[in-house]
Protein chains: 2
Amino acid sequence: MDGGGEGRVADQKKGKRRITSVDVAREAGLSRATVSFVLNDTPGQSIPEATRQRVLQAAARLGYTPYAPARTLRSGRSDVVLFVLPDWPQGPTMAELVDRAAQVLAGAGLTLVTHVHTGRDDDLARLWTALAPAAVFGMRPFTAGERAGMKRANIAAVLPSPEQSGHDVGSTLWLNGVGRLQAQYLIGKGHTRLAYVLPDDPRLSALGQGRAEGAAQACAEAGLPVPIVATIPLDAAAAAETVAGWRRPPGAVCAYNDEVALALLAGMRKLGTSLPVIGADDIPAARFAVPPLTTVAQDSGELGARIAAALLRALNGEPSQLDVLPDAGIRVVERESA
Amino acid sequence: MDGGGEGRVADQKKGKRRITSVDVAREAGLSRATVSFVLNDTPGQSIPEATRQRVLQAAARLGYTPYAPARTLRSGRSDVVLFVLPDWPQGPTMAELVDRAAQVLAGAGLTLVTHVHTGRDDDLARLWTALAPAAVFGMRPFTAGERAGMKRANIAAVLPSPEQSGHDVGSTLWLNGVGRLQAQYLIGKGHTRLAYVLPDDPRLSALGQGRAEGAAQACAEAGLPVPIVATIPLDAAAAAETVAGWRRPPGAVCAYNDEVALALLAGMRKLGTSLPVIGADDIPAARFAVPPLTTVAQDSGELGARIAAALLRALNGEPSQLDVLPDAGIRVVERESA
DNA sequence: CTGCGTTACTGGCACGTGTTACCCACGGGC
DNA sequence: GCCCGTGGGTAACACGTGCCAGTAACGCAG
């Protein structure tokens with residue numbers, strides 16, 4: 001084949017042969033096993049420093065990179081962790097969360113990748129068959145079918161765990177603490193009748209209800225009536241209509257997030273009315289609003305770190321809850337809108 | 001162990017044995033090869049419908065899932081495509097791009113995952129060793145070192161390709177068309193002296209210069225002087241200062257994106273001045289600004305589809321450029337700020 | 001009967017790695 | 001002499017898959 005070109009030259013020219021540990025072994029004049037021991041720091045092996053250096057230098061010289069699929073096949077464990085993100089609009093908040101999580105996981109030798117899930121159901125299954133990740137984290141609880149698929153794919157850790165998904169979505173998984181804090185702030189300012197305004201994007205309804213519930217809890221604790229809940233599209237006219245439609249207007253309004261809050265402010269500006277409004281997420285645009293938007297910010301980096309830590313525990317077999325997740329460093333950023 | 005339970009029961013109980021094609025073969029009473037032929041629709045094999053069904057049903061009954069690492073090891077090709085995203089703030093724009101790209105790739109049997117790269121350099125290398133993706137796409141050109149690493153890891157396609165990265169970053173890779181269109185719009189409104197305002201976030205400087213250059217080109221084409229370029233932090237006071245500092249104020253201002261534009265509007269409000277401002281990206285907050293922000297929107301879905309298509313071509317060995325990438329459906333959304 | 005092509009299927013190698021069990025030489029205790 | 005232990009290293013299996021080469025059965029022409 002190839003016209004009989006001899007040995008190494010042919011190999012170099014020919015179709016992209018991968019450099020394997022065999023090549024390193026040959027280069028170092030040792031066996032593949034020894035190479036493996038050195039490169040993995042396998043415990044319980046006595047290897048003189050001279051040999052170790054020989055291997056290391058041979059590997060460096062050849063530019064050897066271990067081949068993950070083979071490694072995974074043999075060892076049974078993958079170094080990949082998958083975050084399944086929902087397709088609702090992601091702000092810098094989420095980016096920070098993912099980034100910190102990735103950092104923590106990297107510390108444990110794991111690599112984090114993300115995938116936005118758009119709701120086409122086949123693609124989740126393909127995800128974990130194609131990736132064979134060691135662990136998966138999702139922002140929403142997985143369905144029974146999805147769980148079954150992961151089990152078949154032998155994915156070790158999955159969060160949120162089944163016990164947690166027994167609870168209500170918004171409350172366990174994602175920060176009903178935000179809604180609670182929004183309400184507490186407004187209550188602290190002396191308001192007694194609150195409204196909670198949600199966006200009409202169906203993808204956000206679960207989270208929205210979670211936050212609204214948090215606010216309801218805060219009201220209940222303060223002996224106040226539950227907030228009026230309204231749902232609006234991201235549109236100033238519609239927001240105005242909603243506000244004008246309140247026959248007995250609330251004293252202040254919590255918005256699901258800053259964008260909803262901005263829509264409300266725009267709507268009220270249109271009407272010539274003005275109610276205190278508090279948003280959530282502290283997007284950059286919040287501080288340029290008229291009036292500058294008071295909002296609830298969260299330390300999502302910390303949250304990401306906790307998620308990562310929980311995953312690591314789960315990978316070690318300790319079946320750990322995502323402890324105190326909802327309360328990771330949320331705080332009010334006070335500006336002028338409330 | 002386990003008390004001496006015999007055979008299958010023990011297997012079920014014991015440590016999570018993976019279901020392999022051997023199991024399917026046994027269940028169907030056929031050889032593993034036949035199973036493989038059926039499940040992969042291997043061409044050039046004649047398999048009677050009865051046998052095919054026997055295999056399919058056995059597989060379904062056992063819940064068989066092929067194991068990606070083994071498959072990849074054997075076939076040499078992975079089904080994973082990696083998008084390396086920069087860590088600058090990502091809006092819905094980018095989400096849409098990624099989503100559409102994922103869709104297109106899924107059509108070709110590929111799975112797209114993303115990873116935000118934060119600049120810690122070791123983690124990119126770990127990424128492709130851990131994932132062994134078939135292709136990689138990055139928003140910025142890769143360095144020579146990164147390229148070498150990918151080559152060693154036998155990654156087939158990498159975009160942007162080396163020829164392209166020879167050019168200037170902002171211009172080739174990312175939409176200097178936006179800056180161009182911003183300027184053209186303002187010029188069309190009769191403005192002759194423009195300013196281009198960039199954010200001070202260093203992560204954005206390459207893109208910012210690209211867009212500013214696009215605007216400069218448009219001015220040159222219209223026989224106008226190049227725009228004044230200013231860099232501001234995302235802060236109303238700082239924006240005000242910059243605007244006030246212009247001894248000969250421009251007739252209108254292009255902002256790098258909507259957030260910068262909002263900062264400018266806030267700054268000018270503070271000063272009591274007012275200049276026409278055009279943003280970019282059309283974030284939700286843009287339409288709630290005072291005044292509602294005129295901005296440049298892009299069909300990033302289309303862009304994502306093109307990127308995916310280019311990757312697919314590259315994977316097929318056709319070394320294709322990312323053709324006409326910069327001009328994918330960008331348009332002005334006219335509101336009141338300009 | 002042999003020869004030949006087609007259909008339906010199977011045995012077994014290869015992919016690159018981690019790891020266990022084994023081997024050899026050497027030194028020292030009896 | 002023999003045996004044992006130990007440092008230094010290797011042969012060889014297993015992981016689960018894709019696919020080539022081969023084979024047995026069968027029909028059919030000669």
Side-chain angles (χ1 to χ4, degrees), chain A residues 1 11 15-55 58-59 62-79 109 129-132 134 152-154, chain B residues 15-55 58-59 62-79 109 129-130 132 152-154:
Chain A
M1 336 124 188
D11 281 359
K16 294 284 211 170
R17 234 187 48 75
R18 171 174 285 284
I19 296 173
T20 74
S21 62
V22 175
D23 301 315
V24 178
R26 193 187 310 125
E27 174 86 6
L30 290 165
S31 81
R32 211 177 51 70
T34 308
V35 169
S36 176
F37 291 146
V38 170
L39 295 180
N40 296 325
D41 281 344
T42 310
Q45 299 286 339
S46 66
I47 297 176
E49 189 56 25
T51 313
R52 151 167 275 120
Q53 287 307 324
R54 208 144 46 105
V55 171
L62 295 177
Y64 169 67
T65 312
Y67 190 44
R71 180 189 279 251
T72 301
L73 173 60
R74 165 63 221 204
S75 70
R77 78 186 84 253
S78 151
D79 287 346
T129 48
L131 275 180
R152 283 201 299 266
N154 266 37
Chain B
K16 294 288 214 167
R17 235 187 48 77
R18 170 173 286 284
I19 296 174
T20 75
S21 63
V22 175
D23 300 314
V24 178
R26 194 186 310 126
E27 174 86 5
L30 290 165
S31 80
R32 211 177 52 70
T34 308
V35 169
S36 176
F37 291 146
V38 170
L39 294 181
N40 296 327
D41 280 343
T42 310
Q45 297 287 338
S46 66
I47 296 176
E49 189 57 24
T51 312
R52 154 167 272 121
Q53 287 307 324
R54 208 143 48 102
V55 170
L62 295 178
Y64 169 67
T65 312
Y67 189 45
R71 179 188 279 251
T72 301
L73 172 60
R74 167 62 223 208
S75 70
R77 79 186 84 253
S78 152
D79 288 346
T129 49
R152 282 202 300 266
N154 266 40

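Chain identifiers are assigned alphabetically (A, B, ...) following the order of the sequence lines, protein sequences preceding nucleic acid strands; residue numbering begins at 1 within each chain.
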Check: Among R17(B), R18(B), R32(B), which residue meets the salt bridge (charged side-chain N to carboxylate O under 4.0 Å, His left out) test with D23(B)?
Finding: R17(B)
Note to self: Checking N154(A) against Y67(B) for the side-chain contact (heavy atoms from CB on, under 4.5 Å) test, could you report, in this order, the C-alpha distance in whole Å, the side-chain angles of both residues, the deciding distance, and whether it holds?
What the structure shows: CA-CA 10 Å; N154(A) 266 37; Y67(B) 189 45; over 6 Å; no
Note to self: Could you tell me how far apart R52(B) (CZ) and dT7(C) (P) are, to the nearest whole angstrom?
What the structure shows: 15 Å
Checklist line | Side-chain donor or acceptor of T65(B) paired with backbone N/O of A153(A) under 3.5 Å | finding: no
Next item on the list: Could you point out which residue of V24(B), V22(B), T51(B), T20(B) forms a side chain to side chain contact (heavy atoms under 4.5 Å, CB included) with V35(B)?
Entry: V24(B)
Item checked: Taking every non-hydrogen atom, the tightest pair across A28(A) and A58(A) -> CB-CB, 3.9 Å
Margin query: Using the rule given for side-chain contact (heavy atoms from CB on, under 4.5 Å), can you reason through R52(B) versus D41(B), listing the C-alpha separation, both sets of side-chain angles and the distance that settles it, and then say yes or no?
Written below: CA-CA 10 Å; R52(B) 154 167 272 121; D41(B) 280 343; 3.0 Å; yes
Next item on the list: Could you check whether T51(A) gets within reach of a base, just the sugar-phosphate, or nothing at all, counting any heavy atom under 4.0 Å?
Entry: sugar-phosphate
Check: Tell me: CD of E49(B) to P of dA8(C), nearest whole Å?
Finding: 12 Å
Note to self: Would you compute the distance between atom CD1 of I47(A) and atom CZ of R54(A) and round it to the nearest 0.5 angstrom?
What the structure shows: 11.0 Å
Notebook entry, point to check: Taking atom P of dT19(C) as reference, at what distance in whole Å does atom CZ of R77(A) sit?
Noted result: 9 Å
Next item on the list: Five pairs at each end of the helix from dC1(C)-dG30(D) to dC30(C)-dG1(D): take the axis at both ends and give me the angle between them to 10°.
Entry: 90°
Note to self: Within the 4.0 Å limit for protein heavy atoms, which parts of nucleotides 16-25 of chain D are touched? Write it as a string from 5' to 3', B for base, S for sugar-phosphate only, - for none.
What the structure shows: BBBBB-----
Notebook entry, point to check: Hey, does E27(A) have a side-chain heavy atom less than 4.5 Å from the side chain of I19(A)?
Noted result: no
Check: Contact class for I47(A) (heavy atom, under 4.0 Å): base, sugar-phosphate, or nothing?
Finding: nothing
Notebook entry, point to check: Would you say S46(B) reaches dA8(C)'s phosphate, i.e. side-chain N/O to OP1/OP2 under 4.0 Å?
Noted result: yes
